[in-house]
Structures are given as structure tokens and as C-alpha cells.
Amino acid sequence: APRPRAELEAAFEMPVFTVSSVDHQKHSGARLNDGAPRVFGNDPAATEVPALTKFVHAASLSMRAKKVLLQTRELLAFAEALESLVTAKPADATENRLRAAAKAAFDARAATLPGALDGALDAFDVDVFASLAKDVLPRLDAGANDAKGACASTAEGWGRSNRGGGGLHWATYKATLRRGGAFRVNFNELLAEPVYRAVATHWEKALVDRSRKGLDVLKRETDKALASFHDDFEKSLLGPGADAA
């Protein structure tokens, strides 16, 4: 049944952000040739872009944390139940014998499980790193070559006269260098932009598209290995002719 609206609102609140992307780009140094910020000239946070970014990250991390917490609790419950079965003091000799047999069966089957899981993980690693080597690394070199001329032109622009030449005031230039290249303008981001532009599409292909497919394969192989382990363990506990009920 659908969850009540009040319950949904209590679980997740969607704030409203009135953003100014143009002024934010000017504050961050991504938009240098369009004058000063017109609305939010003194406070970059007033553009609300940083707040929107923070909210999106927090919301996605919150959902991921809930899923991880649920999986962790399920795994913990399984471990606690198994520990209770294996380590609890027996009431009689028969129960002691059954627990010992269950522990021996689990240890024997569990010894083969890491190998199956490691094989699936190794295959995933090989696939992802092969995609990086094929799609991303060559583009890094190409982006670096493209950036040589663009970076020189960009740096020359900062040194032009700030009166009609589009450059920076000498004090701003000095202050930026003394702060590791990030002040009112972020030199590091602007100089790296050609490399980012060359790599972005291929990076997404390698780490989003290929990784998603690789994770799907990893999940199938992991589920297969765990299902095989559970079935084998169940058969070993039941023994010949035993009733699963």
C-alpha cells in the first residue's frame, strides 16, 4: 500500500533553492569575461549553489547509508544466529553432537567461499582497470597536449592590464599566488579545465557505464557463490534422507 503523505514528508524534506548559476560561476572564476557578479557580489554562498550542492550530496549519502546499515544489520543478525547455534552450551549429548557437526559442516563449506568471492572481485578489478587503461589514460595525454597552448593563453590573460585588457589587478594576482592559486579566481581549476574536458566523457564511460555493468556481473557472481554455499551447507546439515521441514 502507498505510504501516507505525512509519513513521506517526515522521512524526507525537499527544500527550495533559488540559485544564481551565473553569479556563482563568476565567484568561482569559471566566468571571467562577463563582468562582476550583479546580484550576489559580496557573498558567494548567497547564490545558493553551494547549499544545493551540499544538499544533493547529503541526500545521496543518506540513502546509501540507509542501505548499508540495513545490509549490515542483516549480516549481523545472521552472524549472531550462527554464533548462537555453534557456541551455545548444549543441553545434552545429542545436542552437543549436532552442534559440533553443524560447526564442522560450516567450516568445511566456508573454506571454499572466499576463493569464489575473490575470483569475482578480481574479474571486476581487471575489467575496470582495463577500461581505465583503454579509455581514460590515452585521453589524459591528449588533454595534456591540448592544455599546453590553452594554459599559456589563459595565464597570459591574467597578466594583462586590468583596465580594458581583461586581466587581474596586480594585488589580486599576487594574493592568488600566495594562496596556492585559489582566491577570487581559481587558477588550478582553469588550468586543469582542458584536461577535464578531454577526459570527462571517457571517464564517465569507464567509471559509470563500465563499472555499473561490472557491478551487475559481480553481484550475479556473488549471489551465485552464496546461493551455492547455502545449498551445499543445507544439504550437509540435513544429511541423507533428512526432511528439510
Side-chain angles (χ1 to χ4, degrees), residues 12-66 68 128-129 131-212:
F12 185 80
E13 180 180 355
M14 176 69 78
V16 176
F17 297 93
T18 305
V19 302
S20 174
S21 58
V22 173
D23 276 4
H24 176 72
Q25 291 174 22
K26 293 178 179 180
H27 277 296
S28 64
R31 197 183 187 113
L32 295 176
N33 300 321
D34 196 21
R38 298 181 180 180
V39 180
F40 305 103
N42 298 322
D43 186 8
T47 65
E48 293 203 24
V49 173
L52 174 60
T53 303
K54 182 178 180 180
F55 169 76
V56 171
H57 288 171
S60 60
L61 289 175
S62 175
M63 294 299 296
R64 185 179 301 175
K66 290 179 181 179
V68 172
V128 171
F129 282 106
S131 181
L132 287 174
K134 177 183 176 182
D135 299 321
V136 177
L137 295 183
R139 296 305 304 169
L140 283 175
D141 294 335
N145 291 329
D146 294 342
K148 290 179 180 178
C151 289
S153 177
T154 299
E156 289 174 359
W158 297 329
R160 296 193 188 103
S161 172
N162 65 309
R163 297 182 179 180
L168 298 175
H169 190 277
W170 68 268
T172 302
Y173 194 98
K174 180 179 179 181
T176 304
L177 294 179
R178 294 182 64 179
R179 289 168 173 79
F183 184 39
R184 294 178 180 174
V185 177
N186 193 319
F187 287 176
N188 307 308
E189 290 182 357
L190 295 175
L191 292 176
E193 176 61 26
V195 179
Y196 292 154
R197 189 167 54 248
V199 171
T201 301
H202 301 275
W203 183 269
E204 182 177 0
K205 178 181 178 181
L207 290 188
V208 177
D209 185 48
R210 289 290 294 273
S211 292
R212 182 176 63 250

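Quantities reported herein were computed from a predicted structural model and do not represent experimental measurements. Start at 1 with the first residue, then count along the sequence.
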Q | Residues that Phe40 engages under ring-ring contact (aromatic ring centres under 6.0 Å, His included), provided they are two or more places apart | A | none
Run the side-chain donor-acceptor check on residues 47-63: report pairs under 3.5 Å with partners two or more places apart or on a different chain.
residue, atom, partner, partner atom, Å
Thr47, OG1, Pro44, O, 2.7
Glu48, OE1, Thr18, N, 3.3
Thr53, OG1, Val49, O, 2.9
Ser60, OG, Val56, O, 3.2
Ser60, OG, His57, O, 2.9

Q.
Taking Ala175's backbone N and O only, do any of them form a donor-acceptor pair with Arg179's side chain (distance below 3.5 Å, no angle check)?
A. yes
Q: Please check if the side chain of Asn188 supplies one atom and the backbone of Gly180 the other of a donor-acceptor pair under 3.5 Å.
A: yes
Q | Side-chain touch Trp158/Leu190, heavy atoms, less than 4.5 angstrom | A | yes
Q: Return the set of residues passing side chain to side chain contact (heavy atoms under 4.5 Å, CB included) with Gln25 (not counting sequence neighbours), or none when no residue passes.
A: Ser21, Ala30, Arg31
